[in-house]
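In what follows, a structure is listed as structure tokens, so that the remarks can point back to it.
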Amino acid sequence: MPPAKKRKHSAGDAAGPSSVKGKAPAGPSLAPDAAAADSSEDDDDQAYAHGADELEDDLEGLVGEVLNGEIADEDAADGASHSAVEVLRSGFEPVLVEDERTKEQCEDGHAHCEAGNPEEVAQWLISPCDLNDFMRHNWERRPLYVSRNNNKGYYDGLLSKNNIEEWIAKGKMRYGVNVDVTSYINGVRNTHNSNDDGNGGADADGITGVADSKSIWNKFEKEKCSLRVLHPQRWRDALWKMLSSLETFWQCSTGCNVYLTPPDSQGFSPHFDDIDAFVLQLEGKKLWKVYAPRSEEEMLPRYSSPNFTQDEIGEPVLEVVLEAGDLLYMPRGTVHQAMCVDGAHSLHVTVSTNQFNTWADVLELAFPAALAKAVEEVPALRRCPPSDFLKHLGLAAQGEVEGDEGEDEPSQSLDEPSTTRRDALLGVLGELAQTVMRRLPFDSAADQLGARLMKQRLPPPPSHLMSAMNATGPGAAERVTDKSVVRVMQENSTRLTMEHDAVAVYHSFANGRLYHMEGGEDEDEADVKKENDGNNDSDDSDEEPGVLYFDPSTGPALEILLNDEHAVEEGVEVEDLPLWPSDVKLEVVKSLVAAGVLAVLR
């Protein structure tokens, strides 16, 4: 394997950044030291701005400590930091690890995926790096590269080129839905989502956009186009089981795309993504160039970038050829590009997570609810602003104030009463804003995020379930009595929320695989029925799939059924649930069993 332009670290040195060719684009310069500042108002403003920056950096440390605890003194001395900003300013240097283990010395990752062991699957993904060290030193902060020269078959069994050939030959691939055909030649990125005859083709049902096998491979082999297979977990059980385990570990929707690139070609422009990416090289070789985020404003982005030109991205912090078995982790905002080396095709899968899974998303849910509650409870918020409100606030009024502040000599002017009036209005708005802030419903926002996850995530694979499929579904619900013992089918697959004076139970058991990560809706229902061998065929009710609504009085019983540690592990007898009368208790349990949420143990 050609050497990466870097210095290698062992897994035990994961906290320390490596020395690599090139450097990150220079971060913004800090405000001058206070001792060097003059006494002008501009310098005072700079010092204030610098203080605000330091406060925001402290906030990064705060959220980092919540995630991973305090950083040990010896790790801090080696450059470890909770702050992604600090890592960027210090060079965004990746951690590089060589896995010296042979195949016989490695754990069986597929066995962990089959069993649905979340932490073990996450650990297997990045081994030999310690998972806790990775979360403390790399997660959201710096890239990680793991080379596995002694075990190039590390990820064997997840997917192969033969699998993709079979899917295309069977007419499963629709342009823009299942596959994209792309090229990047002479600095220009193009998409070629059409067959040789110029049409998208049509399947037996007349749905346009089906990729013709001959056209696909003609573009791949003769025109040097890359194939991006979208969400292959819909058809590949090994990927389904791995992603389902990782969704449980990260408690965030997790998907993947697969990239098949012909020799000596590139399919995509330099860009950054809005997801944390784990690149698993499956076949062949690919040269990767990794660049630091171009600015602090572009680090950890919520949206992906447009395509960049080569002169917009600076010098790479890492340039390395990934071979089969190798791993590359890139935080959100990491600029990257990859090209297949001469001699053989490249196949890799990119596992993606953390899209719209930030503190900002929590607050985005909390703020509107807080405002609505405050408006309902505080009459002052329903009062009208004074008639001169528009005169003293706005762009023009702000410009007048800033112009006054820039004058050399303070003077009494006709504008002074206006400024005083503006300050009074801003003071009122500040107090009203605090009234809203005091009502931020963080628990409700967390429940909304949890409900969203239940709707987005993959259905649990049968091998991940705690009971057999014949223990749940409408047939099993008919057998429920007061003496029945019931238990959830899978831990962490439900979320209790309060909605419109009802208790809602969101769950992932009604989800399907076909449209995972695409926001698919009713098209999944037939797929779910097929996967569950008909055991969970629902009735003709108009209820939204994946959510059940109950009277608020059922809350304590539902909390026991779904979240109590003993009940989740051992089950609970129906008659022991704190809910009366008995027929209501039975109705609640039967509904959950019929929906596939609970299993009847005996």
Side-chain angles (χ1 to χ4, degrees), residues 52 55-56 58-60 62-63 65-67 251-253 302 356-398 401 417-456 494-507 542-544 546-564 578-580 584 588:
L55 176 61
E56 290 168 5
D58 288 344
L59 285 176
E60 261 208 288
L62 176 65
V63 298
E65 281 195 21
V66 169
L67 178 67
Q251 286 296 290
C252 174
S253 56
R302 299 183 75 206
F356 297 119
N357 185 45
T358 67
W359 290 106
D361 293 282
V362 178
L363 294 173
E364 198 170 61
L365 293 169
F367 279 133
L371 178 59
K373 186 173 180 61
V375 168
E376 180 181 341
E377 295 178 350
V378 182
L381 283 165
R382 304 195 296 272
R383 296 285 299 272
C384 297
S387 59
D388 62 346
F389 177 81
L390 297 180
K391 174 184 176 182
H392 296 293
L393 272 81
L395 183 62
Q398 183 184 24
V401 173
S418 175
T419 303
T420 303
R421 179 62 170 167
R422 173 184 170 84
D423 290 342
L425 293 171
L426 289 174
V428 170
L429 283 171
E431 291 296 328
L432 293 175
Q434 288 298 318
T435 297
V436 175
M437 294 281 285
R438 287 193 291 269
R439 288 167 170 79
L440 286 170
F442 294 125
D443 289 312
S444 175
D447 283 337
Q448 290 179 69
L449 277 181
R452 185 183 75 182
L453 172 60
M454 291 303 111
K455 291 190 287 186
Q456 290 178 339
T494 62
R495 185 77 188 195
L496 278 176
T497 72
M498 282 295 298
E499 296 182 9
H500 310 297
D501 298 323
V503 178
V505 177
Y506 284 88
H507 61 90
D542 295 328
E543 282 194 350
E544 177 186 352
V547 60
L548 300 167
Y549 295 99
F550 300 98
D551 186 85
S553 64
T554 65
L558 291 170
E559 184 69 30
I560 291 173
L561 286 167
L562 304 178
N563 297 326
D564 179 80
L579 181 61
W580 297 272
V584 174
V588 169

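Quantities reported herein were computed from a predicted structural model and do not represent experimental measurements.
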**Report entry** Beyond-backbone contact of Asp551 with Val503, side-chain heavy atoms, under 4.5 angstrom
**Finding:** no
Report summary line: Exactly one candidate in Leu548, Val505, Leu579 meets side-chain contact (heavy atoms from CB on, under 4.5 Å) with Val588; the answer is Leu579
Query raised in the report: For Arg382 and Glu376, which heavy atoms make the closest approach, and how far apart are they?
Result: NH1-O, 3.3 Å
Query raised in the report: Do Arg422 and Leu393 come close enough that some side-chain heavy atom pair is under 4.5 Å?
Result: yes
Query raised in the report: Who passes side chain to side chain donor-acceptor pair (under 3.5 Å) against Glu431, sequence neighbours left out?
Result: none
Query raised in the report: What pair of heavy atoms forms the shortest contact from Glu499 to Thr497, and how long is it?
Result: OE2-OG1, 3.3 Å
Query - Heavy-atom pair with the smallest gap, counting every atom of Pro441 and Ala366 - result: CD-O, 3.4 Å
**Report entry** Heavy-atom side-chain contact between Glu377 and Arg439 under 4.5 Å
**Finding:** yes
Report summary line: Looking only at heavy atoms, the pair that brings Leu425 and Pro386 closest together is CD2-CG, 3.7 Å
Requested in this report: Could you tell me whether Met437 atom CE has more than 12 heavy atoms of other residues or ligands within 6.0 Å of it?
Outcome: no
Query raised in the report: With side chains defined as the heavy atoms from C-beta onward, is the minimum distance between Leu429 and Pro385 less than 4.5 Å?
Result: no
Query raised in the report: Can you tell me how far the CD atom of Gln251 sits from the CG atom of Asn357, to the nearest 0.5 Å?
Result: 9.5 Å
**Report entry** side-chain contact (heavy atoms from CB on, under 4.5 Å) between Val584 and Phe550, worked out
**Finding:** CA-CA 10 Å; Val584 174; Phe550 300 98; over 6 Å; no
**Report entry** Reported CZ-to-CG distance for the pair Arg438 and Leu440, which is rounded to 0.5 angstrom
**Finding:** 11.0 Å
Query raised in the report: Taking atom SG of Cys384 and atom CZ of Phe389, what is their separation to the nearest 0.5 Å?
Result: 11.5 Å
Query - side chain to side chain donor-acceptor pair (under 3.5 Å) against Arg452, all qualifying residues, sequence neighbours excluded - result: none
**Report entry** Residue pairs passing the side-chain hydrogen bond (donor to acceptor under 3.5 Å, both in side chains) test where at least one lies in residues 440-451, sequence neighbours excluded
**Finding:** Asp447-Arg495
Query - Residue pair Thr494 / His507: nearest heavy atoms and the distance that separates them - result: CG2-CB, 4.0 Å
Query - Residue pair Leu381 / Val436, side-chain heavy-atom distance below 4.5 Å - result: yes
Query - Gap between atom CH2 of Trp359 and atom CG of Leu59 - 0.5 Å precision - result: 11.0 Å
Requested in this report: Report yes if some heavy atom in the side chain of Leu365 is under 4.5 Å from a heavy atom in the side chain of Asp361; otherwise report no.
Outcome: no
Report task. Working to the nearest 0.5 Å, report the span between CG of Leu371 and NZ of Lys373. Result -> 12.5 Å
**Report entry** Side-chain touch Leu496/Tyr506, heavy atoms, less than 4.5 angstrom
**Finding:** no
